[in-house]
Amino acid sequence: MASLNTLRTKFGIVLSIIIALALLAFILSLKTEMGFSGNDPKVGVIDGTKINYSEYYDRYEQVKAQSGAQESDEQQAAMLANAAWQSLVADHVLRPGFAKTGLQVSDAERQAMIRGEAMSPVFYNAFADPRTGLYSVEAVSEFLARAESDPQAAAVWEELNDQARLERALQKYLGLVRGGVYVNSLEVALGTKAANDTFSGKWIGKKYAQVPDSLVKVSGSEIKAYYKSHKNAYRQSPSRSLSYVVFEVEPTDDDLLALEKNVEEVGAKFAVAEPLRTFVRADRRGHIAENYVSAAQLTDEEAVALMAGKTYGPVLKNNEWTMARVLDSKMAPDSLGIRHIVLPYTQEELADSLLGVIRQGADFSKLAARYSLHDQTAANGGEVGVLPFSAFTGEFAEALAKAKQGDVVKVLSGDAVQLLQVYRAGRPVKHVQIASITYPVEASAATVRDLHNQALSFSVNAKSSIQAFNDAASAAALTPRVAVLTQGERTIGGLEDSRDVARWAYGAKPGDVSEIFTVGKDYVVAVLTKIDNEEYTPVQEVATRIRAQLLRDKKFDFIAKELSGASLDEQAASLGTEVADFEKVGFNSYYIDGVGMEPRLIGAIAACGQPGCVSAPVKGLTGVYVFQVDEVQHGDAQTPEAEKVRAQAMAESMAQQFVLPVIQDMAQIKDLRGKYF
């Protein structure tokens, strides 16, 4: 029977995958303990509908309950928050949109999905047999029987049906989009030619960088005119800019000397400590390995010392002081081939019976397939595989250390009893269990306090304004770092564990200076420098880029006017350059030897058609080019039939790739959760 917990887990995955297909949503986390004293702030807008905190929070809790997931860490909380937001987007955009277009999923279709006649990934993921990979209608029936008396199971069933209908409606919509894509005969002919034809000839060129900027002028009015005519290229999302300084918590020279002295003292005691296990466990940095390793699994230095019963270290490596001793040793096979039968600890009597019949010659694989609770291995006769002895710990290592090929042993571990059959045993080698103590190289408590005090002093001096922040940074010999937080982003790029910094920035005003944030092991203080809610990037911020583009355009005109002469040699002379060759350049080429990546030049060569033609000047990315095609090679690698299949598949893929982001853009989604969560 499909368990409720299993379905919850699978449903959480299905929900995230299916709605992720629908929209490119922002990934944000949620701190559920936050309250707003009766206020219900806006946390987003979807297709003109305001999404309040309460609505979002309720959906978040609903998704968490249905999936059975927990906010065990930041990543898990972010996944839950993402699924909740995507679910709201589906409710406010996808479902109403499908209804308006007449896209429906009938009850007959839903029943066909449940029966497996029209396979649904939602139902498949929930009810497929993990041992066979086949969809199980019996599991559906069993779960429905349970849902009749279990409200939680009934709620999960309702959500599974809802998500299955949404997924099927989405597939119908994407099918309509695919059906509207058509590759005509001209596209097929041009695509076949582009794939098969290559061109060889000569070229000349002059780089824009060879023309001094002083020879061409770009006025402010030209920049503004270009900006106006290309304004859509400068659309932007709302953003916030901030500067921040980092007080890096690193050990001082005194810290390093004190640590080395302490490690030497501990190392001397560690080398003679008895009992060793007690000494290591008494040190919070101590560690006792659960497994046994061979000399081949140690470094040469470790193996020389430990295999001879000596102390290894203390030695500094990978920014840690390490010391190690052998706690125990065993002669054991270097590797073991294992099959197993897993039973509940309450069935030890059955395990003993099976052990007896196996030792009398019964087929272990058949018994594993019949009795073992471990589905994945039971389906393969209990096969675990060949593993090194170091892969076994605790009771398993004790039971298998002296095992020989053909042995069957019983192991009680946790809430299970296992029968292990050894079908392969490698040569016996010495294995050791290692006890170790490691001291990371880190700042002392005194150094940490000192850096925190420095950050506190800086924060006080920087409080009044952006200028005060910059002055305080200069006085402290710190270089402020700059970051831009685009609406919906939940962390600062390049800054570890910066969720709290981003949350502060969403609620700050220009000139506000933050408290001291602990980011990783360091301290961070930030100032908000700008809030930009404009739909387009201001012209003054892109003026430099526009000027560079206009300079290239004018330099193209300048170089084109220098060109003179009928032949390529004459034109090369007019530019003061030389003629160079190109070979086997096709429409699908990425670069030309001696030129580099110049897609316009490649396209112009492929469009030339016949040998002997001399081109007009080509405006490239880095210079102006003229070419002459001397030879056209016609291949037959691509047939028209194959090209039509390729082009059709490409067109359909591109249409599906862009249609949903376009819907998102039309819905004018604003994700404002970062201000609160």
Side-chain angles (χ1 to χ4, degrees), residues 1-23 25 27 30 32 44 46 49 51 54-71 76-99 103-130 135-173:
M1 177 184 291
S3 70
L4 181 58
N5 186 60
T6 300
L7 284 180
R8 278 176 169 174
T9 303
K10 292 182 176 180
F11 174 72
I13 297 170
V14 169
L15 175 66
S16 180
I17 292 174
I18 289 173
I19 302 182
L21 287 173
L23 285 173
I27 301 176
L30 175 65
T32 58
I46 301 175
T49 301
I51 307 299
S54 59
E55 180 182 0
Y56 174 73
Y57 178 77
D58 288 345
R59 185 60 58 90
Y60 179 90
E61 289 296 311
Q62 178 185 352
V63 169
K64 185 169 74 170
Q66 290 165 350
S67 66
Q70 298 296 323
E71 300 150 305
Q76 186 68 40
M79 290 175 63
L80 285 169
N82 185 40
W85 183 250
Q86 291 172 339
S87 177
L88 287 169
V89 169
D91 285 352
H92 289 278
V93 179
L94 292 182
R95 298 181 199 275
F98 293 154
L103 277 175
Q104 297 179 350
V105 178
S106 67
D107 193 61
E109 289 179 279
R110 183 181 67 86
Q111 292 292 339
M113 289 188 285
I114 294 172
R115 293 192 298 268
E117 297 168 2
M119 190 58 67
S120 162
V122 178
F123 290 121
Y124 176 83
N125 279 281
F127 296 109
D129 187 331
Y135 182 68
S136 174
V137 179
E138 292 78 12
V140 177
S141 299
E142 292 173 2
F143 189 78
L144 282 174
R146 178 176 179 179
E148 291 180 359
S149 58
D150 186 340
Q152 282 188 309
V156 169
W157 176 251
E158 183 178 349
E159 287 299 325
L160 283 170
N161 279 266
D162 185 60
Q163 292 305 315
R165 282 191 291 262
L166 175 62
E167 187 274 336
R168 186 51 52 93
L170 175 60
Q171 293 306 320
K172 286 185 175 184
Y173 175 71

Trainee: What's the verdict on side chain to side chain contact (heavy atoms under 4.5 Å, CB included) for Met113 and Val122, showing C-alpha distance, side-chain angles and the deciding distance?
Mentor: CA-CA 9 Å; Met113 289 188 285; Val122 178; over 6 Å; no
Trainee: What is the distance from atom CD1 of Ile51 to atom CH2 of Trp85, rounded to the nearest 0.5 Å?
Mentor: 6.0 Å
Trainee: How close do Ala169 and Leu103 get, heavy atom to heavy atom, and via which atoms?
Mentor: O-CD1, 3.9 Å
Trainee: To the nearest 0.5 Å, what is the distance between CD (Glu142) and CZ (Phe127)?
Mentor: 10.0 Å
Trainee: Tell me whether Glu109 is salt-bridged to Lys172, with the criterion being a basic N under 4.0 Å from an acidic carboxylate O.
Mentor: yes
Trainee: Determine the minimum heavy-atom distance between Ala154 and Ala147, stating which atoms define it.
Mentor: CB-O, 3.6 Å
Trainee: Report the distance from atom CG of Leu80 to atom CD of Glu61, rounding to the nearest 0.5 Å.
Mentor: 9.0 Å
Trainee: Can you find a heavy atom in the side chain of Leu144 that is under 4.5 Å from one in the side chain of Glu148?
Mentor: no
Trainee: May I have the step-by-step check of side chain to side chain contact (heavy atoms under 4.5 Å, CB included) for Glu167 and Leu170, ending in yes or no?
Mentor: CA-CA 5 Å; Glu167 187 274 336; Leu170 175 60; 5.7 Å; no
Trainee: Are the charged groups of Arg110 and Asp162 less than 4.0 angstrom apart, N to O?
Mentor: no
Trainee: Backbone N or O of Glu117 within a donor-acceptor pair of the Tyr135 side chain at under 3.5 Å?
Mentor: no
Trainee: Do other residues, nucleotides or ligands put more than 12 heavy atoms under 6.0 Å from the CD atom of Gln111?
Mentor: yes
Trainee: Quick one: do Asn161 and Phe123 satisfy side chain to side chain contact (heavy atoms under 4.5 Å, CB included)? Show the steps, please.
Mentor: CA-CA 8 Å; Asn161 279 266; Phe123 290 121; 3.8 Å; yes
Trainee: Do you know the tightest heavy-atom contact between Val140 and Ile114?
Mentor: CG1-CG2, 3.7 Å
Trainee: Do you know which two heavy atoms are closest between Val63 and Ala83, and how far apart they sit?
Mentor: CG1-CB, 3.9 Å
Trainee: Could you report the tightest heavy-atom contact between His92 and Ile46, atom names first, then the distance?
Mentor: CB-CG2, 3.6 Å
Trainee: Please work out which of the three classes, parallel, tilted or perpendicular, describes the rings of Tyr60 and Tyr56, given edges at 30° and 60°.
Mentor: tilted
Trainee: Does Ser120 reach the main-chain N or O of Gly116 with its side chain, forming a donor-acceptor pair under 3.5 Å?
Mentor: no
Trainee: Could you pull out the closest heavy-atom pair between Arg59 and Ser87, with the gap in Å?
Mentor: NH1-OG, 2.7 Å
Trainee: Do Leu166 and Phe98 make a side-chain contact, defined as non-hydrogen atoms from C-beta onward lying under 4.5 Å apart?
Mentor: yes
Trainee: Evaluate the criterion side chain to side chain contact (heavy atoms under 4.5 Å, CB included) for residue pair Val156 and Phe143; output intermediate values, then yes/no.
Mentor: CA-CA 10 Å; Val156 169; Phe143 189 78; 4.3 Å; yes
